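The structure under discussion appears below in the form of structure tokens.
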Amino acid sequence: MAKIDTNGWKPFRIGDLFEKLDTSYLGKGKKKDAVRKEPDEEFCVPLTYAKRYNNGIMYWGRRGEFKTYSKVLSIIYNGAVSAGRVYAQAEETGVLAESYMIRLKSAQVSFNTYLFLQRIIEKCIYTRYSYSDLAIWSSVQNDTVWLPVDESGEPDWTYMDEYMSAVMKESEANLERLKQTDGENHAVDVSGWKKFIIGDLFEKLQLDVKKEDFNKTFDVSEERTDEFNLPLVNAKHGNNGIMYYGRAADFETAEMTIDIVQNGAIATGDVYAQPQKTGILWDAYLVKPKSEIDSSFTLMFLATVLEKAIKDKFSYDDKCVWCKAKLLSVTLPCTCEGEPDWDYMESYMSQVMQDADAALDNLASVN
């Protein structure tokens, strides 16, 4: 997408456009006892906290116990690396702590418009606040953001919606071409693709905890720090499957792997590319291509088609264990010799990422 022309954009005080919402706890007892770290049928309401990733969602609560909103922005005001992060919330979401929600005062806009605003506001405030200077509303509301305007000099909500809609459609179309590997009309030409048994292409790694007296309470962290800097996979839906961080000396690790989640109410069968050094906590495992792969783009391609092959075959009651998953087949592009075409996978996913990054960078470059 072409670079955004910001000529004619105007500054607006954030507090003039947005209002802070009431996110009271409506349940009985202590709020901290009314949440879970993983969602299930009972604890299904996403709650924001001082979280850098996963859209700011760190815990889950019961319906009716937290005041929730959809099509709003969440602002994380606390945290060593999360203060000033902004997230757009599409579904009904509540607040546990260390964050708050804001909504436009006088305009009813699309969720895509909120995605546009999220990008602009975070660019404005993230570098201004820190763990020692919290992004509280009394400060943020006085900050200024630059926005496109219509002929009357008011924020041009239509432009924001159309721009972000185009960004989302472009990214979704590219990924959908990869996912649609069957059916009569192929977004990607798969006429020359071939089925491979998953176990013939990948091997499961045996990675253990090296610390003999390992104790989860003291030896992992939910946030990445200088001490706890090794990503650990677990039964995690979202955040690329990373649920905790450990000390690098405490875990056996591998890189250029693919993470398969074997357990979890909604995470079973999730697949994530893990190009960096990664360890295993529980309820997930890492597999590595038997062929030498040195491209993270190829790993991302493989993770996408693997998840398509296995996700709907397993559930919380039928775990996605390797002895079952390895027997399934996956359809991949192949060379004239009938071998997986690793070069094609790398170039395809590289283009997908370049297209998405170019569109989002246009927003990041706005002054």
Side-chain angles (χ1 to χ4, degrees), residues 53-55 167-183 185-204 231 233 235-242 254-262 264 266-276 278 284-315 320 322 324-335 339-360:
Y53 302 111
N54 203 33
N55 221 44
V167 171
M168 300 302 292
K169 286 179 181 177
E170 186 172 339
S171 300
E172 290 169 1
N174 284 330
L175 289 174
E176 192 60 29
R177 293 189 190 101
L178 183 55
K179 293 179 180 178
Q180 292 176 356
T181 56
D182 46 30
N185 298 315
H186 299 301
V188 175
D189 181 8
V190 298
S191 58
W193 290 31
K194 177 182 170 183
K195 285 189 175 182
F196 297 87
I197 301 299
I198 292 175
D200 291 341
L201 297 178
F202 300 89
E203 61 178 341
K204 180 185 176 185
V233 298
K236 179 67 175 177
H237 179 67
N239 199 34
N240 210 51
I242 304 302
E255 51 192 321
M256 297 306 292
T257 62
I258 290 177
D259 164 28
I260 298 178
V261 181
Q262 69 181 23
I266 59 175
T268 300
D270 286 355
V271 182
Y272 303 99
Q274 305 292 356
Q276 74 289 330
T278 306
Y285 51 91
L286 298 176
V287 300
K288 195 173 182 71
K290 293 181 179 179
S291 297
E292 188 69 27
I293 301 296
D294 58 5
S295 167
S296 60
F297 291 129
T298 304
L299 281 184
M300 294 167 65
F301 187 106
L302 290 168
T304 302
V305 294
L306 275 174
E307 183 169 286
K308 176 178 174 60
I310 70 176
K311 178 65 177 177
D312 62 354
K313 305 291 194 307
F314 301 97
S315 66
C320 186
W322 179 240
K324 295 179 181 178
K326 71 178 182 180
L327 301 178
L328 300 177
S329 61
V330 61
T331 304
L332 294 174
C334 60
T335 64
E339 297 298 319
D341 193 340
W342 310 116
D343 290 338
Y344 173 90
M345 300 181 210
E346 178 182 7
S347 62
Y348 182 90
M349 189 55 74
S350 175
Q351 188 60 54
V352 169
M353 300 303 294
Q354 286 178 23
D355 291 345
D357 287 346
L360 290 174

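FYI, side chains are in, hydrogens and waters are out, and symmetry mates aren't considered; it's all heavy atoms of this structure. Please read these numbers as outputs of a predicted model, since none were measured by experiment.
We find the NZ-CG distance between K311 and L306 to be 13.5 Å, quoted to the nearest 0.5 Å. Rounded to the nearest 0.5 Å, atoms OG1 (T278) and CD (E255) are 8.5 Å apart. Separation of atoms CD1 (I258) and OG1 (T304) is listed at 9.0 Å; rounding is to 0.5 Å.
Note: W193 and F301 have tilted aromatic rings, judged against thresholds of 30 and 60 degrees for the angle between ring planes.
The minimum heavy-atom distance linking K236 with V261 is given by the pair O-CG2, 4.0 Å. The shortest non-hydrogen separation linking I310 to L328 is CG2-CD1, 3.8 Å. Nearest heavy atom pair, residue I266 against residue H237, reads CD1-CD2, 3.6 Å. For the residue pair Q276 and P231, the shortest heavy atom distance occurs at CG-CG, 4.1 Å. Nearest approach of F196 to C334, heavy atoms of both residues: CZ-CB, 4.3 Å.
With sequence neighbours left out, the salt bridge (Lys or Arg N to Asp or Glu O under 4.0 Å) criterion links D259 to no other residue. Remark: K313 engages no residue in a salt bridge (Lys or Arg N to Asp or Glu O under 4.0 Å) (not counting sequence neighbours). D341 meets the side chain to side chain contact (heavy atoms under 4.5 Å, CB included) test with P333, T335, D343, Y344; sequence neighbours excluded.
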